[in-house]
Amino acid sequence: MRFVDAITRFLDERLDIRPLIEFAGEKEVPRHRFEGAYFFGGLTLFFFLIQVASGVLLLLYYRPTAEAAFESVQFIVTRVPFGWLVRSVHSWSANLMVLSAFAHMFSVVFMKSYAKPREMTWWTGCLLLAMAMGFGFSGYLLPWNELAFFATRVGTDMVSKVPLVGDWLLRFLRGGEDVTGATLTRFFGFHVAVMPLVITGLIGAHLAFVQRQGIHVPRGLEDDAERRGGMRFLPNFVLRELVVWLVGLAILCGLAAFFPWELGVKADPFASAPAGITPEWYFLFMFETLKLIPGMVLGIEGELLGLGAFALAGVLWFLIPVLDRRARRGEPSPLFTAVGWFVLAYIVVMTGLSFMGVFL
Amino acid sequence: MEQPTLDPQPTRRSVVDWFLATSLGAVMVSALYPAFRFVIPPEVAEAPTNTVHAGDLAELPPGSGKVFRFGSKPGILVRTATGEVRAFSAICTHLNCTVQFREDMQNIWCACHNGRFDLNGGNIAGPPPRPLERYRVDITDDEIWVTKES
Amino acid sequence: MRRWYVILTLGLCATIVGAQEGGGPATGGSCVSCHLELDEPELREPAELFAGDVHNRGGLGCVLCHGGDAKAEEVDEAMDPDRGFRGAPAAGEIPVLCGSCHGDAAFIKRFDPNLPTDQWDQYRTSIHGMRLAEGDTKVATCISCHGVHGIMAASDPRSSVYPTQVVATCAGCHADSELMGGYGISADQVSRYRRSVHFLALTEGNDLSAPTCNDCHGSHGATPPGVDSISNVCGACHVMNMELFLASPHAEAFSAMELAACEACHGNHEVLLPNDDWLGVDEESVCGRCHERDDTGGEVALALRALMDRGAGVLLNARSKVDDAERAGMLMEDSAVALEEAHQELVTARTQVHLVSVAAVEEHTSAALEAAESALADAAEAREEIRFRRSGLLVALVFILLAIVALVLKIKQLER
């Protein structure tokens with residue numbers, strides 16, 4: 001600890017960081033029955049940091065062209081020391097990050113932490129979730145294997161259904177009419193440059209809001225929290241968060257070593273699509289829903305209707321802080337709790353059905 | 001900021017601190033060690049599918065040939081009577097058998113169906129329908145380097 | 001009489017060639033322009049077909065074969081026997097007629113310096129030619145195979161004698177059981193050939209070097225290859241197999257029994273892909289047709305079968321294990337090379353079977369086994385490496401666990 005003191009003194013003499021440290025020292029995290037939920041945000045951040053680190057490492061060897069992408073991943077996985085580990089960690093951590101983000105989001109929904117004055121935290125959070133899924137989607141193509149190629153083709157096909165701008169959007173995403181090497185290069189650019197920039201800004205804003213406003217205590221648990229008193233952020237919460245991070249790390253390493261990510265077969269744009277192409281698991285509930293909708297409904301193409309419904313649902317979800325007037329007033333809001341449960345159940349059930357091969 | 005105060009049980013506290021520091025350090029090392037090994041490039045800097053060291057001039061006298069490995073596929077080196085080195089894919093264009101150099105014929109020959117290729121890789125007799133794929137040869141010092149033009 | 005026709009035709013050839021400058025559609029002259037107007041298909045079609053005929057393009061017209069006057073507008077004059085018109089030549093006259101130009105090297109040289117001119121000589125040695133000489137007009141003559149009015153060069157894919165079309169052309173007669181029955185030969189050769197690997201290679205494999213009827217039987221000199229010459233015919237492409245067979249005890253034995261070499265085991269028209277099951281002495285095997293379990297040949301057959309089965313089995317297993325490892329992300333390049341080597345050795349071993357020597361085959365199956373086993377070893381090593389990585393992880397997990405414990409202790413300590 002003396003070492004830490006020395007550093008602190010060094011920086012303080014030059015940058016006057018003492019007010020910051022005091023602020024951090026005073027910050028408190030509420031304690032109550034569901035305090036465990038508070039760890040998920042940090043856990044998501046942890047997995048994101050892992051992604052950045054492993055992503056940068058992969059960047060040293062990866063080649064973003066159709067001719068060389070697969071071979072470069074093969075090179076990483078077979079010839080670079082611990083390349084197999086870095087690659088598997090990167091692929092698994094992506095999934096864990098999205099999972100953690102969903103957990104974080106739903107805990108916010110049930111605790112109604114989105115209510116005033118925390119609407120902007122919710123909005124940046126929604127955007128962050130969308131970005132995480134966007135990272136997943138763009139990254140999925142990069143190994144340029146068969147599954148990835150066709151999954152991307154199916155996935156990007158969807159956007160062409162958007163009325164008016166659909167075709168333009170398709171060409172923008174794909175870098176052309178079809179999924180080609182141009183798509184790969186473009187997705188790579190999004191994945192390693194554009195989106196990291198944007199997400200850094202969003203994370204910064206999201207964290208800044210949380211720091212400024214403090215952590216929300218759910219309605220009904222105020223007495224419990226009052227009684228237990230708050231937990232100091234530094235060092236108590238941080239140490240606990242570290243434990244959670246280490247558990248996450250352990251799970252990640254376990255997955256990376258026991259279920260290493262497959263290399264697959266190099267993509268061949270001229271081959272016919274293999275059976276059983278599915279997108280990543282976090283898109284499955286949408287995928288499954290679209291399969292359930294009949295081809296034509298009231299003269300409108302089923303898929304278009306499905307996409308429209310999801311778009312509408314997404315907008316409404318985004319606007320929950322505004323729509324849930326009762327929560328805004330601090331009153332019980334069982335309707336929105338029910339909505340939250342319904343959405344969660346829907347996602348879980350649809351994802352499960354997709355895995356089990358129902359409606360395939 | 002919390003200053004470390006003198007605790008009535010200094011040993012207990014420092015044991016925990018030591019344990020914490022060491023175990024966290026061990027975790028850091030097990031994370032950083034692979035990362036360090038990763039960033040040092042491997043012996044073979046690129047997958048050997050485009051350029052390989054096929055052999056040396058010393059082992060290929062004029063009028064001889066040698067099969068070499070190109071990644072996981074066979075290639076064939078020939079040296080003409082005038083000393084020029086040429087390289088081709090050793091996969092016969094008929095039914096993919098591995099061809100060989102025949103000193104007696106001074107030609108490339110396929111044992112499977114008696115196909116024959118001249119020293120330009122051209123299919124001159126037997127069933128092969130196309131010439132052998134030709135590779136680029138670069139010679140530095142004594143070493144013969146073969147490149148596949150993609 | 002025949003000579004008169006020859007002279008007249010030659011004279012006409014010369015006249016017409018001298019009169020034209022390289023020909024074109026107008027070579028048919030009034031013959032074509034009149035016949036195109038006719039209603040009867042059998043009279044109109046020849047004129048229509050002639051536009052694409054190779055003779056037309058060489059400036060050689062109808063009068064070349066039919067005589068008459070291509071400049072005359074009136075049918076009486078154009079088809080006047082006094083002007084040389086003689087209608088459609090009889091079957092027996094056809095080879096002579098065609099041969100009168102195509103057998104004249106000096107003449108043909110003006111159109112295509114490399115066109116062979118031995119067709120008529122060859123034809124006379126063929127079964128078709130010999131029978132025609134005896135007066136049988138049902139046999140094939142030049143026009144039976146090459147067509148008559150829309151003749152195309154043999155190198156033209158539309159030609160009836162292009163490699164992929166030959167079997168359909170021969171089938172015209174040889175698949176007709178009534179016609180063939182009259183000669184006492186079967187009519188199943190074509191259907192058999194169509195099941196063979198050669199036909200598959202030709203049609204689906206686009207391998208124009210694959211043999212079709214004329215490659216083994218000859219084209220103009222068409223005859224079935226004799227018992228003595230079969231191994232030469234097959235051996236033209238399958239050199240190694242022929243040499244080995246000739247060095248084997250079967251060569252003398254087959255010759256003594258008047259058994260055709262390759263044909264005895266592989267068939268002639270229905271040559272199928274051989275498989276290792278042919279070796280052995282049971283009912284399905286080929287060796288078993290002559291050999292018993294306890295005779296020397298039978299023992300060799302069984303030994304060879306055992307060797308091939310073992311080799312193929314090990315290779316299959318190795319291949320599947322290597323594929324698994326590769327898909328998991330391990331580097332299996334060395335294994336791929338070893339597998340290819342094993343495969344090539346097995347192919348060579350199967351060729352060596354023709355020597356019917358256990359030692360010769362074993363040399364190659366052993367090499368194949370060695371290579372396949374080295375690939376298997378690589379695959380096992382890869383699996384081991386994957387397992388080793390998991391154990392390396394266990395170490396990291398232990399550290400993480402310790403760190404978690406340390407943190408929990410620290411928390412407890414701070415909050416006491």
Side-chain angles (χ1 to χ4, degrees), chain B residues 2 4 7-9 12-34 37 42 44 47-49 52 67-75 90-100 109-116 123 125-130, chain C residues 197-198 201-202 205-211 215 234-244 322 326 331-341 343-345 347-348 350-352 375 389 392-414 416:
Chain B
E2 205 164 57
D7 198 275
Q9 292 166 303
R12 180 80 174 261
R13 183 195 194 113
S14 52
V15 165
V16 173
D17 282 347
W18 172 89
F19 183 36
L20 183 60
T22 316
S23 53
L24 280 177
V27 173
M28 290 294 285
V29 166
S30 40
L32 288 174
Y33 172 70
R37 290 285 314 275
V44 185
T49 46
V52 288
V67 171
F68 65 96
R69 233 179 89 171
F70 207 134
S72 60
K73 300 265 184 263
I91 302 174
C92 183
T93 53
H94 180 223
L95 293 175
N96 302 333
C97 293
T98 305
V99 301
Q100 56 189 269
W109 182 67
C110 184
C112 288
H113 299 97
N114 200 24
R116 242 178 271 197
N123 45 321
R130 285 180 308 280
Chain C
V197 284
H198 294 134
L202 189 61
N206 291 316
D207 183 359
L208 292 181
S209 73
D215 292 299
C234 310
C237 288
H238 298 276
V239 184
M240 300 290 308
N241 309 59
M242 172 185 78
E243 285 175 2
L244 289 167
V322 168
E326 193 163 25
L331 182 67
M332 305 307 289
E333 234 173 44
D334 287 345
S335 318
V337 171
L339 285 176
E340 184 56 34
E341 204 185 299
H343 169 72
Q344 299 266 355
E345 287 291 346
V347 170
T348 314
R350 289 187 182 108
T351 311
Q352 291 290 329
R389 290 172 180 179
L393 160 88
L394 240 45
V395 172
L397 273 180
V398 165
F399 289 157
I400 293 175
L401 208 66
L402 287 174
I404 291 175
V405 168
L407 275 169
V408 169
L409 284 178
K410 182 72 186 174
I411 291 169
K412 282 205 169 1
Q413 184 198 68
L414 280 177
R416 202 175 324 116

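Here is the naming used below: chain letters follow the sequence lines, and residue numbers restart at 1 for every chain.
Asn206(C) does not touch chain B: none of its heavy atoms, backbone or side chain, sits under 4.5 Å away. Contacts of Ala236(C) with chain B are made by backbone atoms alone, with heavy-atom separations under 4.5 Å and no side-chain atom involved. The part of Ser30(B) that comes within reach of chain C is its side chain, from C-beta onward, which places non-hydrogen atoms under 4.5 angstrom from that chain.
Between Ile400(C) atom CD1 and Leu24(B) atom CG the span is 10.5 Å, to the nearest 0.5 Å. Rounded to the nearest 0.5 Å, atoms CG (Leu402(C)) and OG1 (Thr22(B)) are 10.0 Å apart. Atoms OG1 and CG, on Thr93(B) and Asp207(C) in that order, are 9.5 Å from each other to the nearest 0.5 Å.
Looking at residues two or more places apart in sequence or on another chain, you find no side chain to side chain donor-acceptor pair (under 3.5 Å) involving Asp215(C). Judged as a side chain to side chain donor-acceptor pair (under 3.5 Å), and not counting sequence neighbours, Asn96(B) has no contacts.
Counting heavy-atom pairs closer than 4.5 Å to chain B, the top-ranked of the candidates Gln344(C), Glu340(C), Met240(C), His343(C) is Gln344(C). Chain C forms more heavy-atom pairs under 4.5 Å with one residue of Cys112(B), Cys97(B), Pro128(B) than with any other, namely Cys97(B).
Heavy-atom minimum distance, Ser23(B) versus Ala403(C): OG-CA, 3.3 Å.
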